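Once you've had a glance at the structure underneath, I'll fire off some questions.
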Amino acid sequence: MLSTSSKNSRVFALVDCNNFYASCERVFRPDLREAPIVVLSNNDGIVIARSNEAKALGIGMGEPYFKVEGFIRKHGVHVFSSNYTLYGDMSHRVMEMLRQLEPEVEVYSIDEAFMALPAGKKFDLTAHGREIQATVKRCTGIPVSIGFAPTKTLAKLASRIAKKDPALGGVFDLTACDDVDALLAATEVADVWGIGRRSTKKLSTRGIRTVLDLKHANDAWVRKQLTVTGLRTVWELRGIPCIALDDAPAPKKGIVTSKSFGRRVESLAELTEAVATYAARAAEKLRAQGGIAHSLHVFINTNRFKPELPQYSNSVTMTLPEPTASTPVLIRHALLGLNRIYRPGYEFQKAGVMLTDIVPSSQRQGNLFERERGDSGLMRALDRINVRWGRDTVQYAVSGFKREWDFKRLQLSKAYTTRWDQLPVVKASF
DNA sequence: TCTGGGGTCCTAGGACCC
DNA sequence: TCTGGGGTCCTAGGACCC
């Protein structure tokens, strides 16, 4: 039921970029070094990242921008739309740096990485952590926090502690801690990796509130209530590694491209542009991982936050005749699907395309009656042009050119690191 | 006026098989 | 009144993550 690692002689580290998106913006705006900054989601909808100064002002994570806009203006908070081109590239730089410093790195998310280090060698992990921290900062400009512990779950907890306690300077080694249980007793169960809102509620009915309570919870009960995932978490809290380092992540099983619209969309014509755009984007991602998809799912829905308007949401799954990564084929089927589910008279808020049943393109089954021999050469050329000259340098006409429905990004910063025409300019005065 | 996007893993239950 | 047992595969939905 539980698989435990035999390599108990290792220590896990979690490296976490502090306030990542805000820190990325700050790298290219040194004038904002101590200023409050927030970064918004697509459509400038909600707050998704805050600098420490913004946190101190009491701006919450996930707060709708329109609710805090006045407050933000009053306190001179700097606002950025999310610039994923920039954050993706900065993330890449940080991860490359970590790989140079440590052989075993698992990129866990855009701003976090796990690492596995040999332990027991009378090795000062805290000092080592400070070195990593200083190197990443010097080479990328991004501040990080690091936690060391015998399991991934504890390493996550350690990095949280490293970040929260200013006296620690962003590095915390749980393996060198004299009284781990006291620390666990002072931490709420909701702060544990893998314990979300629902589980927190279930646990509290049993009087389990602190991480220490959870560590000593009854296995059978946890297994029943929180499934094997929950039990694994509990064992990890006890220092038994159940989640291995995954330094070669599997290719994605599903690829989703979906976005809320920047304004009201009712017509089939506009939905057609949007769905074709998302299908093309999903196809690009699919080719980038060398896959082909056998199914395609299209969905549209109205705004559930406006219950006073007529509501409609629907989706359809299309099985493709052949697994493919061809943009025109995927667009064609996505639009067939859209035509089946579209109904006039609604104000749509969101649409999306999902590709599933993905296999590596090398596993493609030939088909005796296939008419088109495929357009992989064309797709390769398309991708190369768009990588070299920027997204949508070449695109399909059906995706539209003005895209008035596209999401709002009123406060977008520049693509400082990925476009020649947007490189930062440094002026020296003597 | 204004509420993100993209993933993973697990379970229960139904369909189907011998 | 009676109606097997055991298995696989698929899907939808829940929960969680950043």
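Lettering follows sequence order; numbering is per chain, from 1. Keep in mind that what you see is a predicted model, and the values were worked out from it rather than measured.
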Looking at A:E308 and A:K306, is there a salt bridge between them, counting it only when a charged N and a carboxylate O are closer than 4.0 Å? no
Which label fits A:F28 and A:Y416: parallel for a plane angle under 30°, tilted from 30 to 60°, or perpendicular past 60°? parallel
Kindly list each side-chain donor-acceptor pair under 3.5 angstrom involving residues 136-146 of chain A, sequence neighbours excluded, with atom names and distances?
from: A:T140; atom 1: OG1; to: A:V136; atom 2: O; distance (Å): 2.6
from: A:T140; atom 1: OG1; to: A:I142; atom 2: N; distance (Å): 3.1
from: A:S145; atom 1: OG; to: A:N18; atom 2: OD1; distance (Å): 2.7

Counterpart residues, side chain to side chain donor-acceptor pair (under 3.5 Å), relative to A:D406 (two or more places apart): none
Describe, in one word, how the ring planes of A:H128 and A:F148 are oriented to each other, choosing from parallel (under 30°), tilted (30 to 60°) and perpendicular (over 60°). tilted
Could you tell me whether A:E63 contacts a base, only the sugar-phosphate backbone, or nothing, with contacts defined as non-hydrogen atoms closer than 4.0 Å? nothing
Taking for each residue the nucleotide of DNA chain B bearing the nearest heavy atom, is the 5' side occupied by A:E69 or by A:N42? A:E69
With a 6.0 Å cut-off on ring centres, are A:F12 and A:W193 close enough? no
Looking at A:F407, is A:K259 sitting on its ring face, NZ or CZ under 6.0 Å from the six-membered ring centre and within 45 degrees of the normal? no
Contacting residues from residues 86-95 of chain A, given that a heavy atom lies under 4.0 angstrom of DNA chain B: none
Any donor-acceptor N or O pair under 3.5 Å, side chains A:T302, A:Q311: yes
May I ask you to say what A:G254 touches in the nucleic acid, namely base, sugar-phosphate or nothing, with a heavy-atom cut-off under 4.0 Å? sugar-phosphate
In which ranges does DNA chain C form stems of 3 or more consecutive Watson-Crick or G-U pairs, distances under 3.5 Å? B:5-18 with C:5-18
Atom CZ of A:R332 and atom OG1 of A:T327: how far apart are they, to the nearest 0.5 Å? 11.5 Å
Donor-acceptor contacts under 3.5 Å from residues 71-78 of chain A side chains, at least two apart:
from: A:R73; atom 1: NH2; to: A:E69; atom 2: OE2; distance (Å): 3.0
from: A:H75; atom 1: ND1; to: A:F71; atom 2: O; distance (Å): 3.0

Side chain proximity check, A:F348 to A:E266, heavy atoms < 4.5 angstrom: no
Can you tell me if CZ on A:R263 sees more than 12 non-hydrogen neighbours from other groups inside 6.0 Å? yes
So what does A:I255 hit on the nucleic acid, given a heavy-atom distance under 4.0 Å: a base, only sugar-phosphate, or nothing? sugar-phosphate
Base, sugar-phosphate, or nothing for A:K253, non-hydrogen atoms under 4.0 angstrom? sugar-phosphate
Pick base, sugar-phosphate or nothing for A:K224, based on heavy-atom distances below 4.0 Å to the nucleic acid. nothing
Give one of base, sugar-phosphate or nothing for A:T257, where a contact means two heavy atoms less than 4.0 Å apart. sugar-phosphate
If we take the C1' atom in both C:dC17 and B:dG4, what is their distance in whole Å? 15 Å
Using a 4.0 Å heavy-atom cut-off across all strands, classify A:D111 as base, sugar-phosphate, or nothing. sugar-phosphate
Going by heavy atoms closer than 4.0 Å, what residues in residues 189-205 of chain A are next to DNA chain C? A:V192, A:W193, A:G194, A:I195, A:G196, A:R197, A:R198, A:S199
Should the heavy atoms of other residues, nucleotides or ligands under 6.0 Å from NZ of A:K414 be counted, would the total exceed 12? no
Using distance only, find each side-chain donor-acceptor pair of residues 208-222 of chain A under 3.5 Å and give its atom names and separation, not counting sequence neighbours.
from: A:T210; atom 1: OG1; to: A:L212; atom 2: N; distance (Å): 3.3
from: A:T210; atom 1: OG1; to: A:D213; atom 2: N; distance (Å): 3.1
from: A:T210; atom 1: OG1; to: A:D213; atom 2: OD1; distance (Å): 3.4
from: A:T210; atom 1: OG1; to: A:D213; atom 2: OD2; distance (Å): 3.4
from: A:D213; atom 1: OD2; to: A:R209; atom 2: N; distance (Å): 3.0
from: A:D213; atom 1: OD2; to: A:T210; atom 2: N; distance (Å): 3.0
from: A:K215; atom 1: NZ; to: A:D181; atom 2: OD1; distance (Å): 2.8
from: A:N218; atom 1: OD1; to: A:A220; atom 2: N; distance (Å): 3.1
from: A:N218; atom 1: OD1; to: A:W221; atom 2: N; distance (Å): 2.9
from: A:D219; atom 1: OD1; to: A:R238; atom 2: NH1; distance (Å): 3.0
from: A:D219; atom 1: OD1; to: A:R238; atom 2: NH2; distance (Å): 2.9
from: A:D219; atom 1: OD2; to: A:W235; atom 2: NE1; distance (Å): 3.2

Nearest heavy atom decides the nucleotide; on that basis, is A:P251 or A:S41 closer to the 5' end of DNA chain B? A:S41
First-last contacting nucleotides on DNA chain B - partner chain A, under 4.0 angstrom, heavy atom: B:dC2 to B:dT11
Interface with DNA chain B, restricted to residues 258-273 of chain A and to heavy atoms under 4.0 Å: A:S258, A:K259, A:S260
Who passes ring-ring contact (aromatic ring centres under 6.0 Å, His included) against A:Y84, sequence neighbours left out? A:Y21, A:Y87
Only distances under 3.5 Å count here; give the side-chain donor-acceptor pairs of residues 240-253 of chain A to other protein atoms, sequence neighbours excluded, each with its distance to 0.1 Å.
none

Does A:Y65 reach a base, just sugar-phosphate, or nothing at all? Heavy atoms under 4.0 Å. nothing
The criterion is ring-ring contact (aromatic ring centres under 6.0 Å, His included); which residues satisfy it with A:Y396, sequence neighbours excluded? none
Heavy atoms under 4.0 Å, any strand shown: does A:K252 hit a base, just sugar-phosphate, or nothing? sugar-phosphate
If you look at every strand shown and take non-hydrogen atoms under 4.0 Å, does A:F407 touch a base, only sugar-phosphate, or nothing? nothing
